[in-house]
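Below is one structure, written out as structure tokens, with a few remarks after it.
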Amino acid sequence: MNSFDKLPFEFYNRKVTSVAKSLLGKTFVRKNCNEILCGKIVEVEAYDGKSDEASHSYNGATKRNQVMFGKAGHLYVYFTYGMHFCANVVTGKENYGAAILIRAIEPLGGIDILSQNRFGKKNISGKELLNLCSGPAKICQAFQITRGSNGANLCGDDIFILDSPSVSNNKIISTARIGIKKSIDLPWRYYIKDNPYVSKK
DNA sequence: CCACGGATTGGCT
DNA sequence: GCCAATCCGTGGA
């Protein structure tokens, strides 16, 4: 696999924590209305189908979470807190129910449009740039990912992830996940050390 | 800097 | 009816 090729199905069809760590540094891309929006994935969280009470899939498939039980390499988008969307990458075997929440992205391309979507203006300050995609719902707002993207195939042409140089293990920080109340002991949040675009130290 | 609470829909018990 | 894999503004130290 060459750098900057689209990540194939086999990349996603592995254990969720392995995929989560190897997603760091990869390039998330959205093609939309002839515009290309992209950025580097700098923070993720793994949610496992088994023995992870915090996972949406823990209690089995429902109408809402069915994409998590589908094939790996698809996007699971959910709506929460009455106003936010969050995007996840489905991993592992079909019917298993694992996914990775994309928590932070370092903006690289289409920054004017990302800014317009998030802040309603093109010219933003350095502080606003750091705040552009530093959170799962911020990413969805900037990249305009809503329920219409739920179930999107990441091996397709709309939303996909490009292979990019891997992040070495000594640059990957592992911590407890954020904003959950169950299984808070699992250290399945991963982010790139010293990257200023992560949501929280 | 930190802590807290409000916004606001929909999924599931 | 309860409360959520969040974000933002406010108010105090």
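Residue numbers begin at 1 in each chain, while the letters A, B, ... track the order of the sequences.
In this structure, CZ of A/R147 is placed 13 Å from C1' of B/dT8, rounded to the nearest angstrom. The distance between atom CZ of A/F79 and atom P of B/dA7, rounded to the nearest whole Å, is 15 Å. Rounded to an integer number of Å, the gap from NZ of A/K201 to C1' of B/dC1 is 17 Å. Straight-line distance from the CD atom of A/E53 to the P atom of B/dT13: 14 Å, rounded to whole Å.
Base-pair partner of C/dA5: not found among the strands shown (Watson-Crick or G-U wobble, both distances under 3.5 Å). With a 3.5 Å ceiling on both atom-pair distances, B/dT8 lacks any Watson-Crick or G-U wobble partner.
Ring geometry for A/Y78 against A/H56 counts as perpendicular: the plane angle is over 60°, on a 0 to 90° scale with 30° as the lower cut.
A cation-pi geometry, defined here as NZ or CZ lying under 6.0 Å from the six-membered ring centre and within 45° of its normal, holds between A/R14 and A/F11.
With hydrogens and angles disregarded, no donor-acceptor distance shorter than 3.5 Å links the side chain of A/K40 to the backbone of A/G25.
Test A/L37, A/V77, A/N32 against A/I145 for side chain to side chain contact (heavy atoms under 4.5 Å, CB included) and you get one pass: A/V77.
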Atom pairs and distances, donor-acceptor, side-chain atoms in residues 193-201 of chain A, under 3.5 Å, two or more places apart:
residue : atom : partner : partner atom : Å
A/N195  : OD1  : A/Y197  : N            : 2.8
A/N195  : ND2  : A/E106  : OE1          : 3.0
A/S199  : OG   : A/E43   : OE1          : 3.0
A/S199  : OG   : A/E43   : OE2          : 2.8
A/S199  : OG   : A/R103  : NH2          : 3.2

Show the distances under 3.5 angstrom between N or O atoms of the protein and N or O atoms of nucleotides 4-8 of chain C.
residue : atom : partner : partner atom : Å
C/dA4   : OP2  : A/K181  : NZ           : 2.8
C/dA5   : OP1  : A/H56   : NE2          : 2.7
C/dA5   : N9   : A/Y78   : OH           : 3.4
C/dA5   : N7   : A/A54   : O            : 3.4
C/dA5   : N7   : A/H56   : NE2          : 2.9
C/dA5   : N6   : A/H56   : N            : 3.4
C/dA5   : N1   : A/N88   : OD1          : 2.6
C/dA5   : N3   : A/Y78   : OH           : 3.1
C/dT6   : OP1  : A/R103  : NH1          : 3.2
C/dT6   : OP2  : A/G179  : O            : 3.4
C/dT6   : O2   : A/H84   : NE2          : 2.8
C/dC7   : OP1  : A/P136  : N            : 3.3
C/dC7   : OP1  : A/A137  : N            : 3.0
C/dC7   : OP1  : A/K138  : N            : 3.1
C/dC7   : O4'  : A/H84   : NE2          : 3.4
C/dC8   : OP1  : A/R118  : NH1          : 2.8
C/dC8   : OP1  : A/R118  : NH2          : 3.3

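Under the 4.5 Å side-chain criterion, counting only non-hydrogen atoms from C-beta, A/R189 is in contact with A/I178.
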